[in-house]
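So the structure is just underneath, and the comments pick up after that.
Since we're looking at a predicted model, the values are computed, not measured.
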Amino acid sequence: IEWVEEDEWDEVQRECRFSQQEGDFDRYDGVWRFLAEGQGTKAELRIDYEIKVPLLGALIKGLIHRKMQHNCEQMLRALKALAEQGEKGA
């Protein structure tokens, strides 16, 4: 699955909205939010997508959902690691 997305950053709201400009999804968009929490920051990621796959649709959609969830979890873990690394270097 491939796509090209456009990101729109809003520094005041501390969020990044994104949407697919071209690619394999019928719809793909979402938002990163960065919320103050205690002495740190909480990152939230919401992705909404739709992909229509004829014939093996249900089977493929389940696989795509698991891959998307895994990808999101990896991005959040990487972001957390970078933030923690930055704290140690400060």
- Task: Check each of Met75, Glu73, Lys80 against Arg77 using the side-chain contact (heavy atoms from CB on, under 4.5 Å) test, and report the only one that passes.
- Result: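 Single pass found, and it is Glu73.
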If we only count heavy atoms from C-beta on, is the [X] to [Y] side-chain gap below 4.5 Å?
X: Trp32; Y: Leu76; result: yes
X: Glu50; Y: Lys52; result: yes
X: Arg14; Y: Thr41; result: yes
X: Phe34; Y: Gln13; result: no
X: Ile47; Y: Cys72; result: yes

- Query: Does a side-chain N-to-carboxylate-O contact under 4.0 Å join Glu44 and Lys42?
  - Reply: yes
- Does Phe18 offer a backbone N or O that forms a donor-acceptor pair with the side chain of Asp29 under 3.5 Å?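 No, the answer is negative, given that no donor and acceptor are paired below the 3.5 Å cut-off.
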Mind checking the [atom1]-[atom2] spacing from [X] to [Y]? Nearest 0.5 Å is all I need.
X: Glu22; Y: Tyr28; atom1: CD; atom2: OH; value: 14.0 Å
X: Gln20; Y: Glu2; atom1: CD; atom2: CD; value: 11.0 Å
X: Gln21; Y: Glu6; atom1: CD; atom2: CD; value: 4.5 Å
X: Cys16; Y: Glu8; atom1: SG; atom2: CD; value: 8.5 Å
X: His65; Y: Ile51; atom1: NE2; atom2: CD1; value: 14.0 Å
X: Trp9; Y: Glu15; atom1: CH2; atom2: CD; value: 10.0 Å

- Begin with the C-alpha distance, continue with both residues' side-chain angles, and end with the deciding distance and a verdict on side chain to side chain contact (heavy atoms under 4.5 Å, CB included) for Ile1 and Phe25. CA-CA 8 Å; Ile1 295 177; Phe25 291 98; 3.5 Å; yes
- Tell me, with the steps shown, if Arg27 and Asp48 meet side chain to side chain contact (heavy atoms under 4.5 Å, CB included). CA-CA 8 Å; Arg27 182 176 63 86; Asp48 296 313; 3.2 Å; yes
- Do you reckon Trp3 sits in the same ILVMFWY cluster as Ile60, going by side-chain contacts under 4.5 Å, direct or chained?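 Yes: a chain of side-chain contacts under 4.5 Å links Trp3 to Ile60.
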- Query: Taking atom CD of Glu11 as the centre, does the number of heavy atoms from other residues, nucleotides or ligands within less than 6.0 Å exceed 12?
  - Reply: no
